[in-house]
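Below is one structure, written out as structure tokens; comments come after it.
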Amino acid sequence: LSPTHTSSRILRRLVPTSSHVIEYQPVLILQCSPDLIADPAMRKSDGHEPRMLLESLEEGKVVWREDVGEDDGQWYDVGMVIGEIVEDDEEEDALWELK
């Protein structure tokens with residue numbers, strides 16, 4: 001993400017929790033804060049909130065946090081853990097840690 005990027009919200013989860021994903025598979029669509037584009041002159045408008053497609057960086061099972069939902073309108077700070085991709089045998093541990 002951009003070093004100036006401060007927040008985003010989940011528009012859509014493309015895979016449900018416990019789904020197996022492969023490298024570079026799209027998993028989330030985000031709406032980003034306007035500061036994603038650091039130079040205001042490059043933005044389509046002052047309030048432009050670009051969308052971002054996030055892909056898996058590795059193969060495994062995706063485990064989403066239960067308290068983070070899509071379409072809830074909530075903006076999340078960059079760096080907040082909203083889920084993990086774990087090996088199949090680590091899924092139960094990851095679910096416990098993300099609660």
Side-chain angles (χ1 to χ4, degrees):
L1 298 175
S2 167
T4 62
H5 188 203
T6 57
S7 62
S8 63
R9 66 179 169 178
I10 300 169
L11 293 180
R12 187 168 174 205
R13 289 183 184 166
L14 301 175
V15 294
T17 200
S18 299
S19 295
H20 186 82
V21 294
I22 59 173
E23 286 181 290
Y24 305 112
Q25 179 177 343
V27 293
L28 278 177
I29 299 174
L30 300 177
Q31 183 174 17
C32 303
S33 54
D35 58 7
L36 175 68
I37 302 170
D39 183 356
M42 299 298 290
R43 298 179 192 156
K44 292 181 180 180
S45 67
D46 289 340
H48 177 64
E49 297 174 333
R51 294 184 179 189
M52 180 183 290
L53 181 67
L54 292 184
E55 300 172 338
S56 169
L57 296 177
E58 55 191 45
E59 185 174 352
K61 234 177 218 186
V62 67
V63 179
W64 299 115
R65 280 181 60 155
E66 291 179 6
D67 61 337
V68 175
E70 63 181 312
D71 297 328
D72 63 2
Q74 177 69 36
W75 286 85
Y76 299 102
D77 292 336
V78 170
M80 179 178 175
V81 177
I82 58 173
E84 287 185 76
I85 297 176
V86 299
E87 293 184 21
D88 292 338
D89 58 343
E90 296 175 348
E91 179 184 7
E92 191 171 313
D93 294 336
L95 282 169
W96 179 256
E97 291 173 10
L98 289 175
K99 287 186 178 183

Could you measure the distance from the [atom1] atom of [X] to the [atom2] atom of [Y]? Nearest 0.5 Å is fine.
X: Leu28; Y: Ser8; atom1: CG; atom2: OG; result: 8.5 Å
X: Glu49; Y: Lys44; atom1: CD; atom2: NZ; result: 13.0 Å
X: Glu84; Y: Thr17; atom1: CD; atom2: OG1; result: 10.5 Å
X: Leu14; Y: Ser56; atom1: CG; atom2: OG; result: 12.0 Å

Query - CE (Met80) with more than 12 external heavy atoms under 6.0 Å - result: yes

**Report entry** Residue list, side-chain contact (heavy atoms from CB on, under 4.5 Å) with Leu57, at least two apart or on another chain
**Finding:** none

**Report entry** Contacts of type side-chain contact (heavy atoms from CB on, under 4.5 Å), residue Gln25, not counting sequence neighbours
**Finding:** Val15, Val21, Ile22

Shortest non-hydrogen contact from [X] toward [Y]:
X: Arg51; Y: Leu11; value: NE-CD1, 3.5 Å
X: Pro26; Y: Leu53; value: CB-CD1, 3.7 Å
X: Met52; Y: Cys32; value: CB-SG, 3.7 Å

Report task. Verify the cluster assignment for Trp64 and Trp75: are they in a single hydrophobic cluster under the rule of side-chain heavy atoms below 4.5 Å apart? Result -> no

**Report entry** Ser7 side chain to Ser33 backbone, donor-acceptor under 3.5 Å
**Finding:** no

Query raised in the report: Does His20 reach the side chain of Glu59, with side-chain heavy atoms less than 4.5 Å apart?
Result: yes

**Report entry** Verdict with supporting geometry, Ile10 and Leu30, side-chain contact (heavy atoms from CB on, under 4.5 Å)
**Finding:** CA-CA 5 Å; Ile10 300 169; Leu30 300 177; 4.0 Å; yes

